[in-house]
Amino acid sequence: WEEERYPEGIKWKFLEHKGPVFAPPYEPLPENVKFYYDGKVMKLSTKAEEVATFFAKMLDHEYTTKEIFRKNFFKDWRKEMTSEEKSTITSLSKCDFTHMSQYFKAQTEARKQMSKEEKQKIKEENERLLKEYGYCVMDNHKERIANFKIEPPGLFRGRGNHPKMGMLKRRIMPEDIIINCSKDSKIPSPPPGHKWKEVRHDNKVTWLVSWTENIQGSIKYIMLNPSSRIKGEKDWQKYETARRLKKCVDKIRNQYREDWKSKEMKVRQRAVALYFIDKLALRAGNEKEEGETADTVGCCSLRVEHIKLHPELDGQEYVVEFDFLGKDSIRYYNKVPVEKRVFKNLQLFMENKQPEDDLFDRLNTSILNKHLQDLMEGLTAKVFRTYNASITLQQQLKELTNPDDNIPAKILSYNRANRAVAILCNHQRAPPKTFEKSMMNLQSKIDAKKEQLADARRELKSAKADAKVRRDEKSKKTVESKKKAVQRIEEQLMKLEVQATDREENKQIALGTSKLNYLDPRISVAWCKKWGIPIEKIYNKTQREKFAWAIDMAEEDYEF
DNA sequence: CAACAGACTTGGAATAATTTTT
DNA sequence: AAAAATTATTCCAAGTCTGTTG
């Protein structure tokens, strides 16, 4: 895994690729698909029609009922209209997209009903595209590219209460694209009749292609797949940093506890914030530009309105009640007993403030991270999340794994350990739409299995009785086979019950993010080796590719 | 040190593919 | 063979953090 170390900041020596794949051009609707304005058929210009189809495709989505979404969409749509269209179409509520919407639904349906041959053809075309554009050469390796297809135009779907939802995400053209590759590589050619915005040769960055997106004005990149050397090494590094934190975390904890008593307000705020980041795995909380994004916060950007102080609550002293929207507008709600000193400090920080004032008015992520840098090289706020996630997994696995359990039960223990981490990191999901039904199905399967088991047991009993009377070889054999049948069914039942428990507990928890981004994979690999669990039970193919370095590296005695 | 650009990681939902059930 | 359920993959938004500039 370590081939040659590059000097500081150099990411590669050679980089060759084919450039991005652009979104397919817009195909106008067939003549018979109509758009109606104010009850009357109206033929739209191609540009206006294209944007209208974006809306039509989302018609069933809740987004299209939201005031802001509609307002933003309508404003941007009008920009694409001809002056005639502009003067006719003055109200979105008079627009009828239902026919268009039906057409797209029919298309989706038709795609599902396609013959084997047609599906095969599409598959082959995708494979061809992947083969040609999906790989690059970085130094001596052929590597998978993560997102070689450029995002198609559409309507921006912000998450939560986003002020820009519904705005038109414009089509990206070659003229928007910056290509990054090495000078001595075969430089990708733009589509016929087009030019790249720029071709550069910057080996201090890892991206192959970039462009500026029009909603936030931020830069988007095409980068390598997680299975690539460059991503894998970075991932490994991340966990090594977290392991270094493990060695000095006690010292740091003592330090911030001391700082709770500091004479300097700034130091106290820093120490309380760090306590939250450490204890509750909160994110750092950078400032955000107001009005540009949904109103969400992290630790440093918490406002007074986001916490409530309870000197006593449900028999516990000094309870802080958190209620705020974090990343992706996921709600963080938690009641946490804290130390008296923290509580008193919080009271102090909140004195004479309005609800919308910053809780930590003397602090931001830059100040906090500078301090952390002094405590340990490479330490930033997010390392605490990685550290606490990984150490929790390791400790939970130790606690929950029962050596006598069979494999499905051990995997349940693994998932529970994973779940403990997801809860710590507040990784939530909307319960799947079919959750209730799926649980009921599973329950009826369990009931059926129970009956099957009862039957098998009865049969075993009568076979035994029969054998006692007849005392011949044949009936003895029957008993044996009946016994085996009972055992097999018991095992199946147990498996189903484990599955039901796992699913129920997982209703609102998303395990993916922690598994992919926070848990040192070597912990899982070691656990699998120790208990003889096939690694495929824990990581699917993609995950095994991403964590190839860890699967290679970790032995059963690995300690995070 | 504040504002901003840039680069890279992290995040849940949507969609596609695969497996299981009917 | 079709439909339903489940799992894997893709999508692309939204964070963190660094470096530069004024």
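The sequence lines fix the lettering, A, B, ..., with proteins before strands; numbering per chain opens at 1.
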Notebook entry, point to check: Should A:Thr380 be listed as having a side-chain N or O under 4.0 Å from OP1 or OP2 of C:dC17?
Noted result: yes

Taken to the nearest whole Å, CD/A:Glu151 to P/B:dA14 is 16 Å

So CH2 of A:Trp211 and CD1 of A:Ile222: to nearest 0.5 Å the spacing works out to 5.0 Å

query = Would you say A:Ser329 reaches C:dA14's phosphate, i.e. side-chain N/O to OP1/OP2 under 4.0 Å?
reply = no

When you check the side-chain N and O atoms of A:Gln120 and A:Glu124, is any donor under 3.5 Å from an acceptor? yes

note: A:Phe384, atom CZ; C:dT16, atom P; distance rounded to Å ~ 15 Å

Legend entry - Any A:Asn441 side-chain N or O less than 4.0 Å from OP1/OP2 of C:dA5: yes

Here the distance between atom C1' of B:dG12 and atom NE2 of A:His61, to the nearest Å, is 12 Å

Look at the side chain of A:Lys382 and the base of B:dT10, then say whether one donor and one acceptor between them are separated by less than 3.5 Å.
no

Whole-Å distance, A:Lys370 NZ to B:dA2 C1', equals 11 Å

Exercise for review: Decide whether a cation-pi geometry holds between A:Lys142 and A:Tyr135; the criteria are a distance under 6.0 Å from NZ or CZ to the six-membered ring centre and an angle within 45° of the ring axis.
Suggested key: yes

Between A:Arg170 and the options A:Asp76, A:Ile215, A:Asp176, the side-chain contact (heavy atoms from CB on, under 4.5 Å) test singles out A:Asp176

- Ignoring backbone atoms, establish whether A:Thr296 has a side-chain N or O less than 4.0 Å from OP1 or OP2 of C:dG15. yes

note: A:Arg111, atom CZ; B:dT15, atom C1'; distance rounded to Å ~ 10 Å

Residue pair A:Met223/A:Tyr63 against DNA chain B: nearer the 5' end by closest nucleotide is A:Met223

- Message: So for A:Arg159 and C:dA14, does any side-chain atom that can act as donor or acceptor lie under 3.5 Å from a complementary atom in the base?
- Response: no

Given B:dT10, is OP1 or OP2 found less than 4.0 Å from the side-chain N or O atoms of A:Lys238? yes

Using a cut-off of strictly less than 4.0 Å, decide whether A:Lys445 has a side-chain nitrogen or oxygen near OP1 or OP2 of B:dT21.
-> yes

**Prompt:** Reckon A:Asn426 has a side-chain N or O less than 4.0 Å from the OP1 or OP2 of B:dG11?
**Reply:** no

inquiry  = Check this one for me: any side-chain N or O of A:His162 less than 4.0 Å away from OP1 or OP2 of C:dA13?
reply    = no

Side-chain N,O (A:Lys169) to OP1/OP2 (C:dA13) below 4.0 Å: yes

Report task. Take A:Arg171 and A:Tyr26, measure what side chain to side chain contact (heavy atoms under 4.5 Å, CB included) needs, and give me the verdict at the end. Result -> CA-CA 10 Å; A:Arg171 182 178 289 272; A:Tyr26 178 64; 4.0 Å; yes

Discussion item. Looking at C:dT6, I'd like to know if its phosphate oxygens (OP1 or OP2) sit under 4.0 Å from a side-chain N or O belonging to A:Arg503.
Written reply: yes

*asked:* Check for me whether A:Lys66 meets the cation-pi criterion with A:Phe69, that is, NZ or CZ under 6.0 Å from the six-membered ring centre and within 45 degrees of the ring axis.
replied: no

(Q) Does C:dT6 have its OP1 or OP2 closer than 4.0 Å to a side-chain nitrogen or oxygen of A:Ser438? (A) yes

**Prompt:** C:dC17 phosphate, OP1 or OP2: any side-chain N/O from A:Arg385 under 4.0 angstrom?
**Reply:** no

Is the phosphate of B:dA7 approached by A:Lys204 (side-chain N or O, under 4.0 Å from OP1 or OP2)?
no

Walking DNA chain B from its 5' end, the first of A:Lys11 and A:Lys433 to be reached, judged by nearest nucleotide, is A:Lys11

query = Taking only N and O in the side chain of A:Asn517, is any of them less than 4.0 Å away from OP1 or OP2 of B:dT9?
reply = no

